[in-house]
Amino acid sequence: MKGNQGTYYVEDSDCHFVCQVAVPFQKRFAPESEEIREIAVGELFQALEDPKIQAQEGAERLKVRSCKTGATGWVLAGAELKDWSLVSKLTSSASLHEGVGLEEPKELRKLDAGEQVELLAVPQVDEASGELRAKCRALRDGLAGFISMRTSKGTDLLKPVFGKM
């Protein structure tokens, strides 16, 4: 995000990820290490080191810090981890709602496929529907609200956009 005099205040990061499938969060690098807790779907975390290969299994493990709790530990690096970006592009049209819940949503407007949004907060699960929802701001008109992270068929609705805004 750039200020009116050209100063960048927020930039994309290549060390932040959002969890797509619940994974164990372990205290040490070794696979038999104590599990601290489970990283939940939609939880944001920061990689603290480059991935390391585990000799006996061949799996890459990544030292991370939870953006939710600040705890550090190790996770298996794989398909369940996705790069995080503040700016994302919609893969198909979606509704921008006033609140996080979907029970009685007030639709602010329809967002078009290809439209870009800036994520304003870590995505959260709507308890009533179980959907992962994100607070965002439409870059086209600045309108802020909540959208679902996936379509009803389970495909990702947002694709990260990397680089300067």
Side-chain angles (χ1 to χ4, degrees), residues 1-25 37-48 51 62 64-73 75-165:
M1 179 179 290
K2 193 161 70 169
N4 62 356
Q5 294 185 1
T7 304
Y8 284 97
Y9 293 98
V10 179
E11 292 183 347
D12 287 329
S13 168
D14 60 358
C15 65
H16 285 84
F17 299 89
V18 65
C19 188
Q20 297 295 302
V21 175
V23 293
F25 190 49
R37 65 182 182 84
E38 192 173 77
I39 295 182
V41 172
E43 189 171 336
L44 182 68
F45 58 93
Q46 175 187 13
L48 300 176
L62 190 63
V64 300
R65 176 178 42 231
S66 169
C67 294
K68 183 177 182 180
T69 66
T72 60
V75 297
L76 284 174
E80 60 275 353
L81 308 180
K82 287 191 164 185
D83 289 333
W84 177 261
S85 172
L86 289 176
V87 178
S88 293
K89 180 169 66 170
L90 273 77
T91 58
S92 62
S93 63
S95 295
L96 184 67
H97 294 108
E98 188 174 75
V100 69
L102 289 172
E103 289 181 8
E104 293 184 34
K106 178 182 176 192
E107 184 178 299
L108 300 173
R109 79 169 177 88
K110 285 275 191 199
L111 300 172
D112 300 325
E115 190 169 343
Q116 291 187 354
V117 295
E118 176 186 16
L119 298 173
L120 301 175
V122 175
Q124 58 193 59
V125 176
D126 173 28
E127 297 299 327
S129 68
E131 282 194 32
L132 189 60
R133 309 264 295 155
K135 184 171 186 178
C136 63
R137 178 178 60 88
L139 294 183
R140 182 194 310 172
D141 58 9
L143 192 59
F146 290 85
I147 61 169
S148 295
M149 297 287 290
R150 293 189 184 87
T151 65
S152 58
K153 295 179 182 163
T155 57
D156 290 337
L157 204 73
L158 299 173
K159 180 181 178 185
V161 174
F162 297 100
K164 305 274 188 250
M165 286 176 38

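Because the structure is predicted, anything quoted here is derived from the model rather than measured.
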If every non-hydrogen atom of [X] is compared with every non-hydrogen atom of [Y], which pair is closest and at what distance?
X	Y	value
K89	G114	CG-O, 3.3 Å
A138	V117	CA-CG1, 4.1 Å
T72	F25	C-CZ, 3.3 Å
R133	G99	NH2-O, 3.4 Å
L96	A144	CD2-C, 4.2 Å
S92	A113	CA-CB, 3.6 Å

Q | Under the salt bridge (Lys or Arg N to Asp or Glu O under 4.0 Å) test, residues paired with E98 that sit two or more places apart | A |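 Salt bridge (Lys or Arg N to Asp or Glu O under 4.0 Å) list for E98, sorted by chain: K106.
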Q: Return the set of residues passing salt bridge (Lys or Arg N to Asp or Glu O under 4.0 Å) with R150 (not counting sequence neighbours), or none when no residue passes.
A: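 Scan of R150 (salt bridge (Lys or Arg N to Asp or Glu O under 4.0 Å), adjacent residues dropped) gives D156.
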Q: Answer whether the closest heavy-atom distance between the side chains of T91 and L158 falls below 4.5 Å.
A: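 No, every pair of side-chain atoms sits at 4.5 Å or beyond.
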Q) What residues form a side chain to side chain donor-acceptor pair (under 3.5 Å) with S95, not counting sequence neighbours? A)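 Expected list: E107, K110.
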Q) Can you list the residues that meet the side chain to side chain donor-acceptor pair (under 3.5 Å) rule with Q116, with sequence neighbours excluded? A)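 Side chain to side chain donor-acceptor pair (under 3.5 Å) check on Q116 returns nothing, list empty.
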Q. With sequence neighbours excluded, what pairs up with R140 under the side-chain contact (heavy atoms from CB on, under 4.5 Å) test?
A.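 R140 satisfies side-chain contact (heavy atoms from CB on, under 4.5 Å) with R109, D112, E115 once adjacent residues are dropped.
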Q: For A47, enumerate each residue passing the side-chain contact (heavy atoms from CB on, under 4.5 Å) test, keeping only those at least two apart in sequence or located in another chain.
A: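 A47 satisfies side-chain contact (heavy atoms from CB on, under 4.5 Å) with C15, F17, L62 only.
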Q.
Rounded at 0.5 Å granularity, tell me how far CG in D141 sits from CG in L111.
A.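 The CG atom of D141 sits 8.0 Å away from the CG atom of L111.
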Q.
With rounding to the nearest 0.5 angstrom, report the SG to CD1 distance, C136 to I147.
A.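 Here the rounded value is 4.0 Å.
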